[in-house]
Amino acid sequence: MTGRARGTTLPRSFYDRDAREVAPELLNKLLVSVDGETGARLVARLVEVEAYAGADDAGSHAYRGRTQRNATMFGRPGSLYVYFTYGMHWCANAVCGPGAVPHAVLLRAAAPVEGLDAMRARRPKARRDTELCAGPARLTAAFGLDGRADGTDLVRGPVRGPVRIVDDGVDPPERPGVSVRIGISSGRGDEHPWRYYVTGDPHVSRSPR
DNA sequence: GGTGTGATCGTA
DNA sequence: ACGATCACACCA
């Protein structure tokens with residue numbers, strides 16, 4: 001029997017700000033969910049995130065306005081935006097604000113804390129536990145999230161799925177690592193240093209540039 | 001350790 | 001045509 005993770009679900013007001021402000025504060029918070037098949041409790045500590053700043057950001061899905069795909073980003077802060085990319089991967093974001101401004105924080109990597117067996121079952125290719133959630137698509141796969149989780153409320157749900165981000169008292173690093181974002185092509189906002197990570201943590205997806 | 005490349009398909 | 005990527009091959 002695993003112990004219950006203590007902590008406080010982050011309130012709506014936490015997300016209702018510019019993603020560049022929210023992102024570094026999400027470091028060391030816990031992503032908490034329940035495995036849809038086994039019912040196992042899944043917990044991982046966020047160690048790497050990226051901010052996407054809506055209309056100010058050529059790298060954001062929301063840069064060219066609202067579409068069916070990115071509609072969740074234009075909705076309520078504290079929603080989960082899950083999108084499909086490269087023909088095979090799902091990635092998850094925390095929708096930010098302020099208000100209906102379509103900011104979001106991409107959840108890029110996390111350190112597994114609880115539910116490791118369920119994560120391993122969902123990520124059989126992972127050779128080591130440090131790889132289970134080391135990348136946005138890996139993290140999303142380890143938690144079993146896909147398009148069905150798009151629009152989930154991280155604050156009050158479960159609306160479509162029990163996903164939360166919880167503060168268990170571990171503060172974000174005083175001085176996070178900062179770099180340009182991964183996978184952004186030139187001229188699409190690649191100059192912005194909006195990636196934040198826990199320096200030296202082995203669960204970060206890759207070395208900074 | 002690092003770099004290069006194919007997979008695979010929804011979206012604009 | 002091109003991705004907010006991953007895994008594997010290959011070289012060092």
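Just so we're on the same page: letters track the sequence lines, and every chain starts at 1.
Annotation: side-chain contact (heavy atoms from CB on, under 4.5 Å) contacts of Ser185(A) (sequence neighbours excluded): Arg188(A). Residues satisfying the ring pair (Phe, Tyr, Trp, His ring centres under 6.0 Å) test with Phe14(A), not counting sequence neighbours, are none. Applying the side-chain hydrogen bond (donor to acceptor under 3.5 Å, both in side chains) rule to Glu191(A) yields no partners; only residues at least two apart in sequence or on another chain are considered. Taking the side-chain hydrogen bond (donor to acceptor under 3.5 Å, both in side chains) definition, one finds that Arg120(A) meets it with Asp117(A), Asp129(A), sequence neighbours left out.
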Quiz: residues 169-178 of chain A side-chain donor-acceptor pairs under 3.5 angstrom, not counting sequence neighbours:
none

So what's the dot-bracket for DNA chain C: Watson-Crick or G-U pairs under 3.5 Å, [ ] if a pair crosses, | if it pairs off-strand?
|||.|||||||.

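Residue pairs meeting the salt bridge (Lys or Arg N to Asp or Glu O under 4.0 Å) criterion with at least one partner in residues 71-81 of chain A, sequence neighbours excluded, are Arg76(A)-Asp153(A). Applying the ring-ring contact (aromatic ring centres under 6.0 Å, His included) rule to pairs touching residues 166-192 of chain A yields His192(A)-Trp194(A), sequence neighbours excluded.
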Nucleotides 3-12 of chain C: protein proximity per nucleotide (B base, S sugar-phosphate only, - neither; heavy atom, under 4.0 Å)
BBBSSS----

